[in-house]
Amino acid sequence: MRRIQAGSALSAFGLGFTVPYLYVYVAQVRDLGAATAGIVLAVFAMAALVVLPFSGRAIDRRGPVPVLLVASVVAAVGAVGMGFASSVPAAVGAAALLGAGTAVLQPALATMIVWCSTPVGRTRAFAMQFFLQNLGLGVGGLIGGQLVDTSRPGSFILLFSIEAAMFLVLAGIGGTVRVPGSPALQDARPSEAGKGGGVRALLGHKAMVQLCVLGFVLFFACYGQFESGLAAYGTEAAGIQPSALGLALAANTAVIVLAQFLVLKFVERRRRSRVIAAVGLIWTVAWIIAGYAGLGHGSQAMATAAFVSTYALFGLGEAMLSPTVAPLVADLAPESMVGSYNSAFALVKQLALAVGPAVGGPMGAALHGPYIVTFVLFSLGITFLAVRLGKQLTPEQNQPSLALRPSKVVVRHEPVEPVRQDVPVRP
């Protein structure tokens with residue numbers, strides 16, 4: 001498990017070097033234009049949508065380790081190709097490889113964590129992965145920002161080379177991991193799994209379908225707005241300076257890093273459905289505060305503080321979700337379909353991240369009031385869907401810590417009457 005977590009953190013560290021600067025690199029450093037940069041980012045996202053439907057079955061048939069090795073090498077090749085891309089076809093091709101490779105890494109790593117953990121310890125394992133990945137992204141972005149120089153394409157070649165090296169390190173670490181069988185919850189298996197298998201079994205699993213719908217709303221209302229709709233709203237409606245956006249993102253990461261294990265103690269003793277429902281309420285407050293930041297009645301400092309607080313509250317919700325949602329996907333999956341379930345949920349996330357900016361960006365820039373109202377309603381919808389999902393879960397799926405509780409059956413000792421022996425009666 002330690003090697004899996006270390007490899008996951010290092011790959012996130014590598015991504016942090018390049019992801020924040022990909023648009024600037026293509027549009028300005030390589031002088032390919034804003035339109036080409038948009039196409040590159042779209043191809044990066046679309047590649048993930050193409051490969052994820054097939055990655056789950058590959059993981060279930062071949063195991064997560066071989067898939068992880070292939071995906072790491074593909075991502076490394078894409079990173080190197082992007083570093084040397086000086087034409088539109090080269091940049092688009094490298095983006096396709098990089099997007100496909102990094103997308104498959106997520107369900108492969110998640111399946112490895114599932115197979116190396118128990119249902120009770122899975123909550124802490126996924127919380128640790130989320131913590132290390134955010135830390136890696138933050139540190140990578142910080143170091144990358146010091147190395148990058150838009151006047152020197154060679155500085156970007158260095159960044160993409162470091163990213164490629166981290167993917168190869170992940171492949172080396174992953175190749176040394178020996179994963180046991182999956183200790184999935186027995187009650188989690190859908191009854192349809194043995195009939196059709198594959199997509200048919202997954203779509204017939206009501207709890208998983210509801211979780212996917214909930215997941216789409218979660219990612220659409222949060223991650224899908226960070227760098228598009230919410231950023232556009234902050235700069236246009238609230239008058240936030242671009243430098244304050246960096247401060248808000250830093251506050252988001254800081255809350256995740258500082259609060260993750262404090263929140264974990266709370267989450268481990270609560271029902272997962274209630275934790276997710278609470279996140280919906282927290283994000284509702286976050287969107288209301290963002291609305292206040294855009295009213296324009298207060299000072300610029302107050303608007304900035306409100307906007308930063310919005311990102312911080314989103315971080316608190318993310319810290320609560322990381323030990324909740326991913327382990328629940330694993331506990332719902334039958335043993336033979338852990339990879340398929342993880343890939344399906346990753347596909348849902350990718351769809352939300354693709355649709356979120358397309359919808360939120362224009363609304364955040366022009367329709368300020370409707371934008372806030374829309375995502376307040378989406379956040380309340382998270383709470384409603386979470387409560388509804390809780391009715392489809394078994395007690396152990398909803399709260400794995402119940403498996404550790406001692407039995408309440410008490411053995412009662414009753415006095416035993418001595419055996420009476422027949423005594424002969426004298427006549």
| task | Could you tell me whether a side-chain N or O of Asn398 sits under 3.5 Å from a main-chain N or O of Leu393, the two making a donor and an acceptor? | result | no
| Gln260 side chain near Pro323 side chain, heavy-atom distance below 4.5 Å | yes
| request: Let me see the working for Phe307 and Tyr311 under ring-ring contact (aromatic ring centres under 6.0 Å, His included), right down to the final yes or no. | output: CA-CA 7 Å; Phe307 200 71; Tyr311 275 78; 5.4 Å; yes
| request: State whether the side chain of Arg274 and the backbone N or O of Arg270 hold a donor-acceptor pair below 3.5 Å, judged by distance alone. | output: no
| Would Phe314 and Trp287 count as a close aromatic pair, with their ring centres under 6.0 Å? | yes
| query | Between the main-chain N or O of Leu168 and the side-chain N or O of Ser72, is there a donor-acceptor pair closer than 3.5 Å? | reply | no
| task | Before giving the answer on side-chain contact (heavy atoms from CB on, under 4.5 Å), spell out for Phe160 and Tyr25 the whole-Å C-alpha distance, their side-chain angles and the decisive distance to 0.1 Å. | result | CA-CA 11 Å; Phe160 283 106; Tyr25 170 71; 3.8 Å; yes
| said: Please give me the minimum heavy-atom distance between Asn252 and Gly315, naming the atom from each residue. | reply: ND2-N, 3.2 Å
| side chain to side chain contact (heavy atoms under 4.5 Å, CB included) with Leu109: which of Leu68, Val114, Val104? | Leu68
| Over all atoms of both residues, closest heavy-atom pair of Ala37 and Val26 | CA-CG1, 3.7 Å
| query | Cut-off 3.5 Å, side chains only: do Asn342 and Gln106 have a donor facing an acceptor? | reply | no
| field | Ser11 side-chain N/O to Ser8 backbone N/O, donor-acceptor pair under 3.5 Å | value | yes
| query | Ring centres of Phe126 and Phe130 under 6.0 Å apart? | reply | no
| Can you check ring-ring contact (aromatic ring centres under 6.0 Å, His included) on Phe345 and Tyr341, steps first, answer last? | CA-CA 6 Å; Phe345 197 76; Tyr341 273 55; over 10 Å; no
| task | Check step by step if side-chain contact (heavy atoms from CB on, under 4.5 Å) holds for Ile59 and Met337. | result | CA-CA 9 Å; Ile59 292 172; Met337 294 182 61; over 6 Å; no
| query | Looking only at atom types and distance, does a side-chain atom of Gln397 sit under 3.5 Å from a main-chain N or O of Thr394, one as donor and one as acceptor? | reply | yes
| task | Using modelled atom types only, decide if a donor and an acceptor are shared between the side chain of Gln350 and the backbone of Leu52 within a distance under 3.5 Å. | result | no
| request: Determine the interplanar angle of the His368 and Tyr233 rings, folded into 0 to 90°, and report it as parallel if under 30°, tilted if 30 to 60°, perpendicular if over 60°. | output: perpendicular
| Any side-chain heavy atom of Val73 within less than 4.5 Å of one from Leu69? | no
